[in-house]
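Everything numeric in this text was worked out from a predicted model, so none of it was measured.
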Amino acid sequence: MHVSDNIRDLEPSATLAVTTLCKAMREQGREVIDLSAGEPDFRTPDFAAQAGIAAIVQGFTHYTPVAGVPALRNLIAEDLAHQHGCATDPAGVVVTAGAKHALFNACFTLFGPGDEVLIPGPYWTSYPELVKLARATPVIVPSTLDSGFKTVPADLDEARTENTRGLLLNSPNNPTGAVYSRDEMEALFRWAADNDVTIISDEIYARICFNDVRAAGALDMDPALLENVVVVGGASKAFAMTGWRLGFSYSEPALASRMTALQSHVMSGISTPTQYAGMAVFRQEPRVEHAVRAMVGVFRHRRERLVSAFRKNLPQAAFAMPEGAFYLFFRIDPFFNDTARDSISFCSWLLEKTGVALVPGRAFGDDRFARLSFAAPEDEIVEGVQRIAEVLSVSVLRD
């Protein structure tokens with residue numbers, strides 16, 4: 001069958017592929033410790049779940065405006081204003097089926113053939129593919145472990161050409177856990193403004209931050225720097241609502257209107273009960289803040305246990321301390337062997353030997369690394385690291 005050039009070279013999501021493999025192995029009766037998952041292992045807060053259920057019971061199950069229920073857009077705008085201490089306009093909010101959908105809308109609306117979009121690496125696996133779907137060209141800007149996996153304007157200068165139209169930022173970062181400070185963010189935003197480059201700022205993990213209440217974001221910048229900026233957020237990570245599919249973009253209303261027009265033809269609007277559940281989490285209420293802080297507190301404790309276990313049992317596996325999100329991105333190339341010569345074969349070999357699932361670093365643009373998620377029960381994290389350490393110690397001794 002003939003397929004379109006639009007998707008001919010499209011790669012499937014590596015992270016979802018690992019999750020699917022883990023489920024298949026469990027169905028075969030095999031024990032698997034899944035440290036690959038990119039979603040919190042917590043229940044959606046009851047008050048959000050009940051709001052969604054109530055919407056169904058009350059009959060709120062029909063079409064809504066494409067950009068979202070006005071009350072939800074108002075609440076998201078108010079929440080952004082509260083979080084960042086700035087003025088916001090509900091007309092700039094477009095409610096989407098998850099943050100990935102908001103990223104697609106932004107890329108497809110802003111970029112096209114001949115355009116280049118800078119993507120700091122390591123990067124979330126879907127970024128280059130979303131740019132390719134817009135018929136634009138992703139340009140990876142590498143960063144290093146020594147830099148804490150952070151990009152600076154000099155790196156962007158080296159990668160920029162006359163065709164550069166966009167910059168895709170992600171802080172806190174998936175897969176590295178890197179968090180840009182406000183000053184570091186401002187330097188990148190000033191560079192973008194000076195070079196007429198549009199920034200898409202993926203802030204889906206903003207509230208899962210271990211050094212502050214939240215990570216610095218686009219709306220903390222000088223308003224003069226925000227004309228060509230799209231902020232992407234949602235409820236998936238901070239409120240354990242991945243399956244609800246609730247994301248949003250925030251931009252200048254004129255751009256929001258264009259993304260709404262695109263969305264009207266692609267998928268109309270998102271699930272109505274999901275939007276009502278969203279109204280429960282984008283409120284300035286103590287129970288909302290308590291739910292987020294309680295979950296972040298657990299992630300912080302797991303991070304400390306995980307880092308301690310790595311330093312004790314896997315000292316050869318270098319990593320940068322994750323300051324946000326819930327991932328550890330660590331070097332695995334010291335452990336490569338005749339069977340496992342790259343990150344994909346290594347993670348497959350490790351899964352077979354230990355039953356522990358990781359995501360190969362190649363999915364994020366660096367084949368020397370693997371990503372471990374600590375969005376898993378603490379006992380599984382500790383057991384998983386112990387299993388990995390035992391197998392790698394034997395492997396290193398044999399080599």
Side-chain angles (χ1 to χ4, degrees), residues 12-26 32-46 48-49 52 96-104 122-127 129-130 170-177 179 202-210 214-215 232-248 270-271 273-274 277-278 280-282 288 291-303 306 322 324-329 347 351 356-360 363-364 370-381 384:
S13 169
T15 51
L16 294 180
V18 174
T19 299
T20 301
L21 177 59
C22 290
K23 290 179 179 178
M25 290 178 66
R26 284 171 173 155
V32 176
I33 296 178
D34 186 2
L35 302 183
S36 71
E39 62 176 339
D41 57 313
F42 301 96
R43 289 171 56 93
T44 296
D46 285 344
T96 58
K100 187 183 294 188
H101 181 206
L103 290 164
F104 169 80
Y123 49 79
W124 180 47
T125 181
S126 291
Y127 290 155
E129 306 307 318
L130 290 170
N170 176 214
S171 176
N173 180 266
N174 175 7
T176 68
V179 177
D202 182 355
E203 301 177 12
I204 188 63
Y205 294 97
R207 300 191 68 176
I208 305 178
C209 182
F210 305 123
R214 62 165 178 80
V232 171
S236 292
K237 310 301 183 178
F239 297 102
M241 294 179 68
T242 50
W244 293 82
R245 311 312 301 136
L246 177 57
F248 68 83
I270 81 163
S271 161
T274 288
V281 299
F282 289 109
V288 174
V292 175
R293 294 196 178 190
M295 187 171 68
V296 173
V298 173
F299 281 140
R300 182 183 289 107
H301 178 72
R302 289 177 182 174
R303 179 190 68 155
L306 174 63
F326 38 74
Y327 307 110
L328 187 76
F329 198 59
C347 289
L351 180 58
V356 178
L358 307 174
V359 183
F364 310 106
R371 190 193 77 177
L372 183 156
S373 168
F374 49 96
E378 187 172 323
D379 59 342
E380 292 189 11
I381 295 170

Report summary line: Minimal heavy-atom distance between D41 and P377, with the atoms involved, is OD2-N, 3.5 Å
**Report entry** Least distance between heavy atoms, A277 atom then M241 atom
**Finding:** CB-CE, 4.0 Å
Query raised in the report: Hey, are the side chains of V232 and I204 touching, using non-hydrogen atoms and a 4.5 Å cut-off?
Result: no
Query raised in the report: Is there a donor-acceptor pair under 3.5 Å between the side chain of S373 and the backbone N or O of A37?
Result: yes
**Report entry** Audit row: F364, Y327, side-chain contact (heavy atoms from CB on, under 4.5 Å) steps and yes/no
**Finding:** CA-CA 12 Å; F364 310 106; Y327 307 110; over 6 Å; no
Report task. Nearest 0.5 Å please: distance from the CD atom of E203 over to the CG atom of N170. Result -> 9.0 Å
Query raised in the report: Which heavy-atom pair separates P172 from A215 by the least distance, and what is that distance?
Result: CD-CB, 3.6 Å
Report summary line: When every non-hydrogen atom of L358 is compared with those of A370, the smallest separation belongs to CD1-CB, 4.2 Å
Query raised in the report: How long is the gap from CG on L103 to CD on E129, to the nearest 0.5 Å?
Result: 13.5 Å
Query raised in the report: Is W244 close to F239 at the side-chain level, that is, under 4.5 Å between some pair of heavy atoms?
Result: no
Query raised in the report: Tell me, do N173 and F329 make a side-chain contact under 4.5 Å, heavy atoms counted?
Result: no
Report task. Over 60° means perpendicular and under 30° means parallel, so classify the ring planes of F104 and H101, tilted if in between. Result -> parallel
Query - The single option from T176, N174, T125 passing side chain to side chain donor-acceptor pair (under 3.5 Å) against R371 - result: N174
Query - Residue pair R245 / S271, side-chain heavy-atom distance below 4.5 Å - result: no
Query raised in the report: So do M295 and F326 actually touch side chain to side chain, heavy atoms under 4.5 Å?
Result: no
Query raised in the report: Is it true that a side-chain atom of K237 and a backbone atom of G38 form a donor plus acceptor pair closer than 3.5 Å?
Result: yes
Query - Minimum heavy-atom distance between G278 and L246, given as atom pair plus value - result: CA-CD2, 3.3 Å
Requested in this report: For residues T242 and P40, determine if any side-chain heavy atom of one lies less than 4.5 Å from a side-chain heavy atom of the other.
Outcome: yes
Query - A240 backbone acceptor or donor facing T44 side chain under 3.5 Å - result: yes
Query raised in the report: Roughly how far, to the nearest 0.5 Å, is CG of L130 from CH2 of W124?
Result: 6.5 Å
Query raised in the report: If you look at every heavy atom in D34 and A376, which pair is closest and at what distance?
Result: O-CB, 4.2 Å
Query raised in the report: Checking R302 side chain against F374 main chain: does a donor-acceptor pair fall under 3.5 Å?
Result: yes
Report task. Applying side-chain hydrogen bond (donor to acceptor under 3.5 Å, both in side chains), name anything that partners S236, two or more places apart in sequence or on another chain. Result -> none
